[in-house]
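Counting from 1, the numbers follow the sequence of the chain as shown.
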Amino acid sequence: MAGTIQSLILTPPSIVTSPFPCRKTCCLFSRSLRINPPRRSISTLIISCKPSDEIHGSDLANGLNWTKPLMNFASNNFLPLALTSGVAFGLVNPTLGCLADKCNLSKFSTFGIFVVSGLTLRSDAIGAAVKAWPVGLFGLCSILFFTPYFSRIILLIPLQPQEFVTGLAIFCCMPTTLSSAVALTQLAGGNSALALAMTVLSNLLGILIIPFSISKFIAVGVGVYVPTAQLLKSLVLTLLVPLILGKVLRESSRGLANFVDHNRKLFSKINAVFLSLVPWMQVSRSRSLLMMVKPAAFIVAIGMGMLLHLGLLAFNALAIRSLSSISGGHKSIFSKKENAQAALLVASQKTLPVMVAVVQQLGSAFGESGLLVLPCVAAHLIQIVLDSFLANFWLRKELSSNTAKVA
């Protein structure tokens with residue numbers, strides 16, 4: 001047995017001859033080719049198997065991915081972009097704006113603004129704000145009676161052209177914004193029902209009070225007589241009637257109300273387009289005068305608009321804190337965070353559409369309409385930006401406090 005194993009180990013393997021001698025060489029050559037195969041990833045193999053149309057389509061889709069953030073930004077900031085675009089188009093090419101103004105397109109746009117505003121005004125939540133009626137009453141008094149006094153301070157500022165100062169003074173006499181204050185209150189977690197109630201009532205009552213406020217606070221300071229009765233009649237016809245019309249259409253059709261509620265972003269964009277038409281036409285008409293204005297004067301007017309809103313915020317915050325301490329401290333209805341946030345935001349904002357409609361009805365009584373409106377467009381955008389930061393700060397503070405409580 002041992003000899004057999006030894007013979008197997010020591011005996012060399014026999015060489016088998018093949019009738020095809022080249023076969024061995026070919027095998028060796030093929031093995032040499034398979035020694036270092038090219039390393040291709042699975043994704044590369046999959047891509048190589050795809051049709052060329054599919055590859056080009058995926059490349060095109062990847063190339064269009066950068067447009068999504070841009071579209072989202074445009075959708076979220078549609079109103080500021082629409083207003084600034086209207087002003088820019090009026091400055092670059094005033095021909096179309098002047099033609100639209102001659103065709104009285106501004107009256108159509110104003111009518112459309114307040115019809116859409118009436119369609120989007122929800123009154124079902126107003127009953128929920130009854131418990132906080134003292135806060136709502138303060139908000140209405142601040143919007144319609146207290147904050148118009150800021151116009152007298154603005155009129156003391158020596159700035160040329162005078163229309164910049166007068167426009168901001170008129171802006172102080174306006175009611176609150178039609179949508180942004182309520183939206184920001186809801187974002188911050190405030191009493192949105194109270195904010196909505198103050199918005200509806202201040203805009204309805206403001207149309208009746210604005211002529212007297214302008215006559216008292218601005219016309220005397222500028223030295224211009226304002227026909228109060230005629231202005232009141234014009235505002236009722238151009239603002240109150242379409243607002244009530246839109247509200248009646250909403251309340252008369254439940255289907256229409258549901259459609260509007262489910263497409264509020266669409267209607268807000270329609271309203272923004274209507275609103276942007278007005279400064280576009282007015283800036284187009286006043287382009288020759290605007291080009292004569294020094295950039296430094298416009299920067300000062302923008303700074304005035306920012307200081308105006310900061311002043312309104314400080315005044316309302318101090319008033320709310322004082323009323324809270326007088327009426328019971330921490331147990332007061334003014335000390336509730338939700339009510340205080342709603343009152344502060346709503347009472348500190350001023351609406352641009354009503355201001356534009358008032359300037360249209362006044363004609364050239366206080367100067368060129370384009371010069372009057374332009375600083376107010378900037379002030380309107382500034383107040384929305386500043387209040388959005390404030391609402392975001394409140395929201396983050398609330399989230400951090402909730403996280404701390406859970407921990």
Side-chain angles (χ1 to χ4, degrees), residues 83 87 139 141-177 181 202 206 209-226 228 231 279 282-283 286 289-290 293-319 344-387:
L83 290 173
V87 173
C141 292
S142 177
I143 294 167
L144 300 175
F145 300 109
F146 300 153
T147 54
Y149 277 93
F150 280 76
S151 61
R152 290 189 172 180
I153 301 175
I154 291 177
L155 288 174
L156 297 176
I157 300 175
L159 180 66
Q160 294 297 328
Q162 179 65 31
E163 285 88 345
F164 281 1
V165 178
T166 307
L168 288 173
I170 296 174
F171 193 61
C172 291
C173 299
M174 297 299 110
T176 188
T177 52
S202 66
I209 297 174
I210 285 171
F212 301 98
S213 299
I214 292 177
S215 179
K216 178 181 179 180
F217 295 108
I218 300 173
V220 175
V222 180
V224 176
Y225 170 73
V226 176
T228 306
L231 179 59
Q282 293 180 343
V283 168
S286 308
L289 293 175
L290 288 172
V293 176
K294 296 180 180 179
F298 185 64
I299 294 174
V300 171
I302 294 175
M304 289 170 57
M306 182 180 295
L307 291 176
L308 170 62
H309 185 61
L310 293 176
L312 294 177
L313 286 172
F315 168 76
N316 288 309
L318 181 61
L344 182 61
L345 289 174
V346 175
S348 301
Q349 290 192 6
K350 298 295 180 179
T351 182
L352 182 63
V354 179
M355 186 269 173
V356 168
V358 169
V359 170
Q360 287 179 344
Q361 300 303 319
L362 291 172
S364 58
F366 291 106
E368 191 62 36
S369 60
L371 297 175
L372 292 169
V373 170
L374 194 58
C376 298
V377 172
H380 180 79
L381 299 178
I382 288 170
Q383 70 182 2
I384 294 176
V385 172
L386 292 178
D387 288 351

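Looking at residues two or more places apart in sequence or on another chain, you find a side chain to side chain contact (heavy atoms under 4.5 Å, CB included) between A378 and I302. For F145, there are no ring pair (Phe, Tyr, Trp, His ring centres under 6.0 Å) partners, not counting sequence neighbours. The side chain to side chain contact (heavy atoms under 4.5 Å, CB included) check on A347 picks up S142, I143, N316, with sequence neighbours excluded. In terms of the side-chain hydrogen bond (donor to acceptor under 3.5 Å, both in side chains) criterion, residue partners of S369 (sequence neighbours excluded) are, by chain and number, R285. Taking S202 as the reference, nothing meets the side-chain hydrogen bond (donor to acceptor under 3.5 Å, both in side chains) condition, with sequence neighbours excluded.
Atom OG of S213 and atom CG of L144 lie 7.5 Å apart (nearest 0.5 Å). Between atom CD1 of residue I210 and atom OG of residue S215 there is a gap of 13.5 Å, rounded to the nearest 0.5 Å. Note that the CG atom of L345 and the CG atom of L312 stand 12.5 Å from one another [nearest 0.5 Å]. To the nearest 0.5 Å, the span separating CD1 on I157 from CG on L168 amounts to 8.0 Å. Interatomic distance, CG of L318 versus CG of L313, reported as 12.5 Å (0.5 Å rounding). We find the SG-CZ distance between C173 and F150 to be 12.0 Å, quoted to the nearest 0.5 Å.
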Result block: side-chain N/O donor-acceptor pairs under 3.5 angstrom for residues 351-363, not counting sequence neighbours:
unit_1	atom_1	unit_2	atom_2	d
Q360	OE1	T110	OG1	3.2
Q361	OE1	S234	OG	3.4

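With hydrogens and angles left out, the side-chain atoms of T176 and Q349 include no donor and acceptor closer than 3.5 Å.
Applying side chain to side chain contact (heavy atoms under 4.5 Å, CB included) to T166 and the options I154, L159, I218 leaves one that passes, I218.
Two residues are said to be in side-chain contact when any heavy atoms from C-beta on lie closer than 4.5 Å; Q160 and V165 fail this criterion. Side-chain contact between C172 and T147 is absent, with no heavy-atom pair separated by less than 4.5 Å.
Legend: side-chain hydrogen bond (donor to acceptor under 3.5 Å, both in side chains) pairs involving residues 294-311, not counting sequence neighbours, sorted by first then second residue: H309-D387. Applying the salt bridge (Lys or Arg N to Asp or Glu O under 4.0 Å) test to every pair with at least one member in residues 155-175, sequence neighbours left out, gives no pairs at all. Applying the side-chain hydrogen bond (donor to acceptor under 3.5 Å, both in side chains) rule to pairs touching residues 150-159 yields nothing, sequence neighbours excluded.
Closest approach of F217 to P148, counting heavy atoms only: CE1-CB, 3.7 Å. Taking both residues in full, the closest heavy atoms of F164 and L371 are given as CD1-O, 3.2 Å, listed atom of the first, atom of the second, then distance.
In terms of modelled atom types and a separation under 3.5 Å, the side chain of K350 and the main chain of F171 share no donor-acceptor contact.
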